[in-house]
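Working notes for the structure below.
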Amino acid sequence: MTAATSVLVLVEHAAGEPDELSLQALALARSYAAAAGGELAAVLIGAPGAAAAAALGAHGVTSAYVAEHDALDDPDGFAPDAWAASVAELIERLAPAAVLAAGSERGNEVLARLGARLEQPMAANCVEAAAANGAGALVTRIRWGGSLLEEATLDGTPVLLTVAPHAVPAQALDAAPQTLPETFTPALDAEDQRVAVVERVAARTGGVSLTDASVVVSGGRGVGSTEGFAAIEELAALLGGAVGCSRAVTMAGWRPHSDQVGQTGTKIAPELYIPCGISGATQHMAGCKGAKRLLAINPDAEAPILASADYAVIGDLHTVVPAINAAIRKARET
Ligand SMILES: Cc1cc2nc3c(=O)[nH]c(=O)nc-3n(C[C@H](O)[C@H](O)[C@H](O)COP(=O)(O)OP(=O)(O)OC[C@H]3O[C@@H](n4cnc5c(N)ncnc54)[C@H](O)[C@@H]3O)c2cc1C
């Protein structure tokens, strides 16, 4: 259909489940669609998306569309232009007033490419959005690494925006109708498949990803070297968490970029964040604002990170972290 579709959401998925950040995007999209008096539709890329689509009724989705194509069906693959082309094809058919995606790396990239295709502006990192009178939308979005909120009018038909991670909670409805997905095969050409993931290298996180970990232990310039991360890795392992780091560390080549927390790294929201030897630059804090508790380890009592800390150990991480590790090991022996 469908003239009544007012909002279309790109829903990412893995192992037959919709991604949590996409469910958050659906929560914002639901209120946008309700205020506009239209329906909420979802598009999932790749045949495995059909299983994840079934659960979307609980998040207000009335129609789900699964793009199936050889170039899209590998769950480990990602061809951003092919994703954007698939969504563009659906936009032509449904004529939604707005298209939303999670503010994930994929969501931002696909919507930016969609904007280029449609010659429409795209706003990333929105925390609120509502249809404006007439055309476009009024949005509030996070700017400057989280140091300010910008209120803006976003032009364009359709409105294109991504939802900042962890800004809007996902909300399932009590009554959860099943969504029966409709599949379609987008017309993709070689150009659409020019940019694609060709290999995946598993992150060294012992199985817990930075975004999912309930505890993240990060190291900064104060760690001093690649080898200096051994005690931080041990602490993360003891707490069942993941290792993160600051940009000073990735710039020095001590850790891969996939470990970086911050504005240009991963945004995390663990129960406990333990930055060791990190000063607390705005760009770093932009990535860990969602942490429920923060324990800073730093010898400088004036370090900016202490302003955001719930707990602090003023000391040398090379002494403090091994001491914490030893205490945890000892407590577990008894
Ligand atoms: C556009 C842009 C984007 C950026 N994006 C990011 C980003 O995504 N993530 C990010 O992290 N940064 C980012 N940055 C860089 C950011 O501005 C800071 O330069 C960086 O976060 C600093 O890293 P740091 O805290 O590890 O190092 P520093 O600022 O040098 O701080 C080192 C800290 O270690 C402490 N220390 C020293 N020795 C010890 C010890 N033995 N034990 C314990 N503590 C010790 C010091 O007291 C100090 O507080 C970005 C910058 C720009 C311009």
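In this chain, residues are counted from 1 in sequence order. Just so you know, ligand 1 is whichever comes first in the structure, and atom 1 is the first atom listed for that ligand.
Proximity to His318 (heavy-atom distance under 4.0 Å) selects the following atoms of ligand 1: 41 (N). Every atom of ligand 1 with a heavy atom of Asp300 under 4.0 Å away is listed here by number and element: 47 (O). In the vicinity of Gly220, heavy-atom distances shorter than 4.0 Å reach the ligand 1 atoms 26 (O). Listed by number with element, the atoms of ligand 1 under 4.0 Å from a non-hydrogen atom of Gly265 are 8 (O). Of all the atoms in ligand 1, the ones that sit under 4.0 Å from a non-hydrogen atom of Gln263 are 7 (C), 8 (O).
Ligand 1 is approached by Pro299 to a heavy-atom distance shorter than 4.0 Å. Distances from ligand 1 to the non-hydrogen atoms of Val249 include no value under 4.0 Å.
For Ser279, heavy-atom contacts with ligand 1 shorter than 4.0 Å involve the backbone as well as the side chain. Only backbone heavy atoms of Val261 (N, CA, C or O) come within less than 4.0 Å of ligand 1; its side chain stays farther off.
In terms of N/O distances under 3.5 Å, ligand 1 is not approached by Ala281. Looking at Cys276 next to ligand 1, no N or O pair under 3.5 Å apart turns up. Looking at Leu317 next to ligand 1, an N or O pair under 3.5 Å apart turns up.
Put simply, the side chain of Val43 does not reach to within 4.5 Å of the side chain of Ser86, judged on heavy atoms. Considering only heavy atoms from C-beta on, Leu10 stays 4.5 Å or farther from Val99 through its side chain. In this structure, Glu12 and Leu21 have side chains that are not in contact, with every pair of non-hydrogen atoms separated by 4.5 Å or more. Taking 4.5 Å as the limit, every side-chain heavy atom of Leu272 sits out of range of all side-chain heavy atoms of Asp310. Side-chain atoms of Leu294 and Ile305, non-hydrogen and from C-beta on, do get closer than 4.5 Å to each other. By the 4.5 Å heavy-atom criterion applied to side chains, Asp81 and Arg117 are counted as neighbours. Using a 4.5 Å heavy-atom cutoff, the side chains of Asp19 and Ser104 are not in contact. Looking at heavy atoms from C-beta onward, Asp70 lies out of side-chain contact with Leu188 at the 4.5 angstrom threshold.
Looking from atom 12 (N) of ligand 1 to the surrounding protein, the closest heavy atom is Arg247 CB, 3.2 Å. Considering only non-hydrogen protein atoms, atom 14 (N) of ligand 1 sits nearest to Gln283 CB, 3.5 Å. In this structure, the protein non-hydrogen atom closest to atom 5 (N) of ligand 1 is Thr264 OG1, 2.7 Å. Ranking the protein heavy atoms by distance from atom 41 (N) of ligand 1 puts Asp316 OD1, 2.9 Å first. Taking atom 37 (C) of ligand 1 as the reference point, the nearest protein heavy-atom neighbour is Gly222 CA, 3.6 Å. Nearest protein heavy-atom neighbour of atom 33 (C) of ligand 1: Gly277 O, 3.3 Å. With respect to atom 24 (P) of ligand 1, the closest heavy atom belonging to the protein is Ser246 OG, 3.5 Å. When hydrogens are left out, the protein atom nearest atom 49 (O) of ligand 1 is Asn298 ND2, 2.9 Å; that is the closest non-hydrogen contact.
Using a 4.0 Å cut-off between a side-chain N of Lys or Arg and a carboxylate O of Asp or Glu, Glu109 and Arg106 do not qualify as a salt bridge. Of the charged side-chain nitrogens involved, none lies within less than 4.0 Å of a carboxylate oxygen, so that Asp192 and Arg113 do not count as a salt-bridged pair.
Shown here for Leu210 and Val243, the closest heavy-atom pair between the two residues is CD2-O, 3.7 Å. Ile278 approaches Asn298 most closely through the heavy-atom pair O-ND2, 3.3 Å.
Across Ala286, Gly315, Ala248, heavy-atom proximity to atom 22 (C) of ligand 1 is greatest for Ala248.
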Determine, step by step, whether Lys330 and Glu333 satisfy the salt bridge (Lys or Arg N to Asp or Glu O under 4.0 Å) criterion, reporting the C-alpha distance in whole Å, the side-chain angles of both residues, the deciding distance to 0.1 Å, and the verdict. CA-CA 5 Å; Lys330 193 166 170 212; Glu333 278 163 21; over 6 Å; no
